[in-house]
Each structure stands twice: as C-alpha cells, then as structure tokens.
2 protein chains.
Amino acid sequence: MARIAGVGTTTVSRVINGGDRVAPEMLAHVRKVMEELGYEPNQAARALKSARSKTIGLIIPSIVDPFFAEFASVVELMAREKDYAVIFLTSHDRAERGMADLKILERHRADGLLIVPPRTGSKALLDQLTQLGVPVVAFDRPLIGRNCSRILCGNFPAAEIATKHLIDHGRKRILVLGGDPRLHTIQQRLEGYEKAIGEAGLEPIIEMDASDYASAEAAITRRIKQKGGIDAIFGLYNQSTIRAYEVLQNRNIRVPDEISLIGFDDFALASTLRPSITVMRQNITEMAQTATRLLLQHMNGEVTSPQQIEIEAHLIVRQSCGFHGATSK
Amino acid sequence: MARIAGVGTTTVSRVINGGDRVAPEMLAHVRKVMEELGYEPNQAARALKSARSKTIGLIIPSIVDPFFAEFASVVELMAREKDYAVIFLTSHDRAERGMADLKILERHRADGLLIVPPRTGSKALLDQLTQLGVPVVAFDRPLIGRNCSRILCGNFPAAEIATKHLIDHGRKRILVLGGDPRLHTIQQRLEGYEKAIGEAGLEPIIEMDASDYASAEAAITRRIKQKGGIDAIFGLYNQSTIRAYEVLQNRNIRVPDEISLIGFDDFALASTLRPSITVMRQNITEMAQTATRLLLQHMNGEVTSPQQIEIEAHLIVRQSCGFHGATSK
DNA sequence: CTGTTAGCGCTTTCAT
DNA sequence: ATGAAAGCGCTAACAG
C-alpha cells in the first residue's frame with residue numbers, strides 16, 4: 001500500500017488513524033489511492049501491534065430467544081458505530097459452555113464482554129472471567145461473586161405492580177406460575193409478588209414448576225380444584241404465561257371472566273391471541289443500549305467503578321386481565 | 001510462554017497446532033505449563049502470520065426474525081466446532097448496510113462468509129464481494145449476478161403443495177396474500193401457487209400488499225366482497241399469515257369453516273392460536289447445517305464448484321385449514 | 001526432535 | 001510534515 005502510493009508506511013498509518021499531522025494534499029493523495037485499491041487495513045496486524053482487537057464478545061444463552069435476540073441486535077448496532085465487531089457465542093445456559101466461549105474470546109483478544117451469565121454459575125467461570133482481564137458487563141442477571149457492572153430489569157417492582165394490578169381489580173386468589181428458581185430474575189419477581197400479596201393480606205399461591213405443558217397443566221388443575229380455587233394467574237416468564245394460556249384454552253376456561261391472566265415479558269403474539277394478553281414489558285432496547293454504552297465506557301476508561309442499573313418494566317394492559325378499557329386507578 | 005516453559009517458540013507453536021513432531025514428554029510438559037498459565041495463543045498474531053483469521057462472517061437482515069435467528073444459531077454451533085469464531089452483522093435488508101458489513105469483514109480478514117443477500121441487490125455489493133476474495137455461500141435467497149453456492153428452501157414445490165392441499169379439499173376461491181415481490185422466495189412461492197391453481201383450472205386471486213395490518217385488511221375485505229368471494233387464504237410468509245389471521249378474527253369470520261387459512265413459514269404460536277394454523281414449515285436447521293458445512297468445505301478446498309441446493313419444506317396440518325384429522329389424500 | 005531466524009502488516013518512537 | 005526502523009506473537013523454513 002505504502003509503496004504504491006509512494007509514501008512511507010508511517011504516513012499510511014497516520015491516514016488510517018484519522019490523518020492528523022499529515023499535509024492536506026498528502027492526505028488526499030493517500031486517501032485516493034486507498035479508495036482505488038479498495039484497501040482495508042489488516043485488523044490482525046493492528047491488533048497485534050496495538051493490543052486492541054476492536055472486537056467485543058457477546059455471550060448469551062440462546063439467540064433464538066426473542067429477548068436475547070433483541071439484546072444482540074442492539075449490541076451489534078451500537079458496536080459497529082464505534083467500529084467494533086462483535087463475536088457472538090451462545091452458552092446454552094451452561095457454565096462449561098460459557099467457559100469454552102471465554103477461551104475463544106481470549107484467543108481473539110476481545111476488548112470487552114457482554115454476558116448473560118449461565119443460570120448454573122460456577123467459580124471456575126468467574127476465575128476465567130478474571131483471567132480474560134477485560135471489562136465485563138452482565139446483562140439480565142447478576143454475575144454473583146464478581147464485582148462488575150450489571151444491567152438488570154427492575155424485576156421486583158415490576159412483579160409488584162403486576163400483582164397489585166390484579167389485586168386492585170378485586171382478584172384475591174392469585175396463582176403465580178414459575179420459573180426456574182435458580183434464576184435471579186425469577187426470584188426477584190416472586191418476591192415482588194409475595195410483597196404485594198402480603199400487603200394485601202392475601203394468601204400466596206405458588207407453583208414453580210411450569211417447565212413444560214404437562215407440569216403447567218397439573219399445577220393449574222391442582223390449584224383450580226383446591227378449596228377456594230383461583231381467580232387469576234401471574235406467569236413469571238413468557239413460557240409459563242403461554243402455557244397457562246394454553247391450559248385455560250384447552251380446559252375451556254373463560255379468560256378473563258373466570259380467570260384473569262397476566263404475564264411477565266411481552267412476546268410477539270401476546271397482542272394477537274384472543275383474548276390478547278396483559279403483560280409487564282421489559283424495556284429491552286434501553287437495557288441493551290445502557291449495557292453496551294457502559295461497556296464501551298469501561299473499555300476506554302471513562303467509567304471505572306462497577307455500576308448496577310435497573311431499568312423499569314411497564315404494564316401493557318390488554319384483554320386477558322379483564323380490565324382493558326376499564327377505569328384503572 | 002516459550003521462555004517460561006524453557007523451550008523454543010517453535011516447540012510451543014507445534015504444541016498449539018496439535019503437537020506433531022514433538023517428543024511425548026516435551027509435549028506433556030509444555031501442555032502442563034500452558035494449562036498452569038491459562039495461556040491462549042494470540043489469534044491476531046496467528047492470523048497475521050498465517051493469513052487465516054479463523055473467523056467467518058454472518059450477514060443477515062435481522063437477528064430478531066426467528067428464521068434468521070435459528071440460522072445464526074446453527075452457524076455459531078457448527079463454526080465453533082471447527083474452531084471458527086463468527087462475527088455477526090445485520091444488513092437491515094439494505095445494500096449499503098451490507099457493503100459496510102463487508103468492509104468490516106474485510107478489515108478482520110474473515111475466512112468465509114454466509115450471507116442472506118439484502119432484498120435490494122446492487123452491483124456495487126457484488127463487486128465488493130469479489131474484492132473480499134473469500135468463499136461465499138448465499139442463504140435463503142440467491143445472490144443474483146454472482147456464481148456462488150446457494151442454499152435455498154424449495155419454495156416453488158412447497159407453495160404448490162400448500163395450494164394443492166387446499167384444492168384437494170374442495171377450496172376453489174383461494175386468495176394468495178403477499179409478500180415483497182422483489183424477494184426471490186416470494187416470487188417462487190407465488191409461481192408455485194399459480195401452477196397449482198392453473199392446473200386445477202381455478203382463477204388466481206392475488207394480493208401482494210399485506211405490508212401492514214391496514215393493507216392486509218383492505219385486501220382481504222376487497223376480495224371477500226367481490227363476486228364469488230373467497231374460501232381460503234394462503235399467506236406467503238409469516239407476517240401476512242398472521243395479519244390474515246388477525247383480520248379474520250376481528251371480522252368474526254369463522255376459521256376454517258368460512259375461510260381456510262394456510263401459511264408459509266411456521267412460527268412460534270402457530271400451534272397455540274385457536275384455531276391453530278396449518279403451515280408449510282421450512283427445514284431451517286437442515287438449511288443452515290448444509291450452508292455452514294458447504295462454506296467450510298469451500299474454505300478448505302474440499303469443494304470448489306458452486307453448489308445450488310434446495311431443501312424441502314413440509315406441510316404441518318393444524319386446524320386452520322379445516323382438514324385436521326380428516327382423511328387427507 | 002528442537003531451536004534460530006526471518007518476516008506477516010501494522011504502530012510508534014525517534015530522527016530528519 | 002515525513003520516513004526509517006524496531007517489534008507486537010506467531011509460523012515456517014532451515015539448521016543442527
């Protein structure tokens with residue numbers, strides 16, 4: 001490149017990096033030659049010399065989950081604006097897989113890392129994170145045992161709001177349907193539910209196993225048949241909400257007349273189903289933007305101390321709670 | 001690293017690359033030191049020297065679309081098995097954005113590329129692809145104007161099967177709902193529909209604009225009201241199917257009794273909605289595996305000539321077509 | 001079987 | 001304002 005332009009490599013380097021301290025006509029000349037050749041600087045060489053790969057790692061449990069997909073989408077958008085490429089890795093929510101991911105990022109000398117910690121945490125993973133030696137921002141779940149920045153949804157207050165919404169409209173027998181109890185998000189949501197239930201003097205009705213349709217059906221049936229029955233269901237995450245919906249449909253239970261339904265997490269067809277489903281919607285975009293911005297700030301030293309930021313979720317009232325269009329307080 | 005283990009760098013290099021031509025005890029020793037140090041070879045240096053970045057590029061219109069998300073998921077899985085990292089970029093279906101993506105991959109010296117061509121093709125993009133100079137495999141859509149491998153869904157026969165399914169069960173007034181006509185996939189599906197309709201001696205009823213709810217509603221309403229009406233709708237892609245579903249729901253038209261519904265593309269809640277929706281399901285996993293495998297083969301020279309492979313889609317019969325459980329031919 | 005050496009393409013002093 | 005030269009960590013001859 002330098003040879004063809006008839007200049008020194010130093011000059012080319014200066015042009016690549018913004019063109020400071022280069023004579024205007026020289027700058028124009030080199031830029032023109034670059035253009036003609038379609039020259040792109042070799043990132044490997046730059047990385048080797050400068051110890052900055054211009055790459056960030058993104059570790060998520062799965063890219064098929066719309067929640068993580070939206071996260072990834074925002075990350076890619078913001079990273080490229082700052083000239084970072086993103087290497088994406090899926091952990092399938094397993095610590096060993098996450099560790100393999102970290103090895104890959106270490107080889108590629110990623111400059112920073114956004115990670116949704118696998119639900120099965122492990123000491124070994126934390127150690128390897130330390131070894132990586134680059135800024136890390138945890139997303140959606142805290143990285144327990146490591147003092148790094150975290151961007152979370154305000155799960156506790158959101159669950160409280162959702163539960164209160166049902167209570168304020170006269171529901172008294174509210175079943176909360178889990179949720180992997182190992183997940184911080186699920187724990188927080190459950191606690192929010194319990195707080196609202198407790199303050200209203202109601203009895204908590206908790207079923208944590210809705211891991212598939214059969215268990216969701218068993219749990220709901222059991223609670224319907226017990227003394228007092230139930231008049232509402234609060235799904236702690238999208239899958240349990242969907243399963244509750246299916247169970248109610250299949251048993252021909254009228255929603256919301258007989259049983260109100262409200263879910264945590266919005267999902268594509270929540271508004272298409274009939275009845276449409278009332279949900280607490282996480283502000284994924286803002287969570288993702290905040291996380292990416294923070295990581296970049298950590299990477300260039302603008303922020304050094306770990307931050308913990310919670311982003312509010314919002315209630316989207318639809319038909320399934322039964323108070324759609326009603327004058328809600 | 002070499003210093004600490006008390007050996008030459010060549011030996012370390014050999015160990016990294018499999019340990020051939022290294023004495024067994026030496027190999028064990030070096031491996032042990034590596035382990036203790038948590039040493040990972042610097043990929044930037046290896047890339048610089050070997051001109052192979054061990055990185056592949058993945059350009060998709062959007063990661064939020066479940067179809068592309070599943071594609072990405074499979075790519076990541078297979079790439080990491082062969083020790084490749086994947087840099088993922090979204091084109092938002094725009095050629096200029098795709099070109100920016102290619103620049104990024106060129107800087108990072110990606111060894112290969114999987115791309116879903118933006119719907120607005122462009123000569124400039126093809127040129128830049130040539131300039132990249134690495135194996136390319138097109139996914140889902142052909143890269144028109146460039147003779148490279150492509151993995152597509154068998155859209156034509158699949159649309160024919162879907163249409164025939166309706167015809168074989170007595171439907172005669174079948175509305176086909178588009179679909180960006182610039183997309184190769186949509187064109188092929190439309191042609192499949194037309195073939196089946198033509199062979200049955202029926203009249204094609206085509207509405208290509210279902211780009212939002214309002215246009216879908218206008219199109220469907222128009223066709224319902226016209227002489228003869230319609231007795232079935234074939235959605236050419238998931239969004240038009242969902243919109244058709246919503247329109248029918250909102251107009252209290254009984255599905256499938258009054259109008260049958262069948263869609264191209266399966267989607268998460270197609271089985272949850274009531275009635276559940278009959279669809280042609282693309283075999284995304286197999287498409288993705290085939291594409292990734294083929295790219296890797298191109299990269300290591302096992303395959304040199306461009307391949308064109310179409311993967312069959314399959315009919316998933318649910319309730320919305322009206323022939324669920326019925327004895328279908 | 002193992003080490004010495006010369007670059008890969010950049011960035012970065014240090015001269016000029 | 002520009003260039004010469006050293007070196008980032010690795011691989012690939014080539015010697016020994």
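All of these numbers come straight from a predicted model, not from anything done at the bench. Note: hydrogens, waters and symmetry copies are ignored here, and every other heavy atom, side chains too, is used. Each chain gets a letter, A, B and so on, in the order the sequences are listed, and its residues count up from 1.
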Listed pairs under 3.5 Å, donor-acceptor, residues 117-134 of chain A side chains, sequence neighbours left out:
| from | atom 1 | to | atom 2 | distance (Å) |
| --- | --- | --- | --- | --- |
| R119(A) | NE | D93(A) | OD2 | 2.9 |
| R119(A) | NH1 | D180(A) | OD2 | 2.7 |
| R119(A) | NH2 | D93(A) | OD2 | 3.0 |
| T120(A) | OG1 | A95(A) | N | 3.4 |
| S122(A) | OG | A124(A) | N | 3.4 |
| S122(A) | OG | L125(A) | N | 3.0 |
| K123(A) | NZ | D127(A) | OD1 | 2.9 |
| K123(A) | NZ | D127(A) | OD2 | 3.2 |
| Q128(A) | NE2 | M99(A) | O | 3.0 |
| T130(A) | OG1 | L126(A) | O | 3.0 |
| Q131(A) | NE2 | E106(A) | OE2 | 3.1 |
| Q131(A) | NE2 | G38(B) | O | 2.7 |

Please report, to 0.1 Å, the donor-acceptor pairs under 3.5 Å made by any side chain of residues 25-36 of chain B, with sequence neighbours excluded.
| from | atom 1 | to | atom 2 | distance (Å) |
| --- | --- | --- | --- | --- |
| H29(B) | NE2 | A5(B) | O | 3.0 |

I'd like a table of donor-acceptor pairs (distance under 3.5 Å, sequence neighbours excluded) in which one partner is a side-chain atom from residues 143-153 of chain A, with atom names and distances.
| from | atom 1 | to | atom 2 | distance (Å) |
| --- | --- | --- | --- | --- |
| S149(A) | OG | H298(A) | NE2 | 2.7 |
| S149(A) | OG | Q307(A) | N | 2.7 |
| R150(A) | NH1 | Q308(A) | OE1 | 3.3 |

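Smallest separation of non-hydrogen atoms from Q188(B) and N155(B): CB-CB, 3.6 Å.
The salt bridge (charged side-chain N to carboxylate O under 4.0 Å, His left out) check on R94(B) picks up E96(B), with sequence neighbours excluded. When the ring-ring contact (aromatic ring centres under 6.0 Å, His included) test is applied to F68(A), no partner is found at least two apart in sequence or on another chain. Evaluation of the ring-ring contact (aromatic ring centres under 6.0 Å, His included) rule for Y84(B) yields no partner, not counting sequence neighbours. Evaluation of the salt bridge (charged side-chain N to carboxylate O under 4.0 Å, His left out) rule for D83(B) yields R107(A) as partners, not counting sequence neighbours.
S73(B) places none of its side-chain heavy atoms less than 4.5 Å from the side chain of F71(B). Side-chain contact between F67(B) and N238(B): absent, with no pair of heavy atoms (C-beta onward) separated by less than 4.5 Å.
Using a 4.0 Å cut-off on heavy atoms, none of the residues of residues 27-35 of chain B approach DNA chain C.
Once you apply a 4.0 Å limit to the heavy atoms of chain A, the touched nucleotides of DNA chain D run 5' to 3' over dA1(D) to dG9(D).
Annotation: the terminal axes of the helix from dC1(C)-dG16(D) to dT16(C)-dA1(D) meet at 40°, where each axis is the rotation carrying the C1' atoms of four end pairs onto the next four (5 pairs per end, rounded to 10°).
Sorted by first then second residue, the salt bridge (charged side-chain N to carboxylate O under 4.0 Å, His left out) pairs that include residues 296-312 of chain B, not counting sequence neighbours, number zero.
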Report task. At under 4.0 Å between heavy atoms, which parts of nucleotides 8-16 of chain C does protein reach? Answer with one letter per nucleotide, 5' to 3': B base, S sugar-phosphate only, - none. Result -> BBBBB----
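A distance-only check finds no donor-acceptor pair linking the side chain of D111(A) to the backbone of I56(A) [under 3.5 Å].
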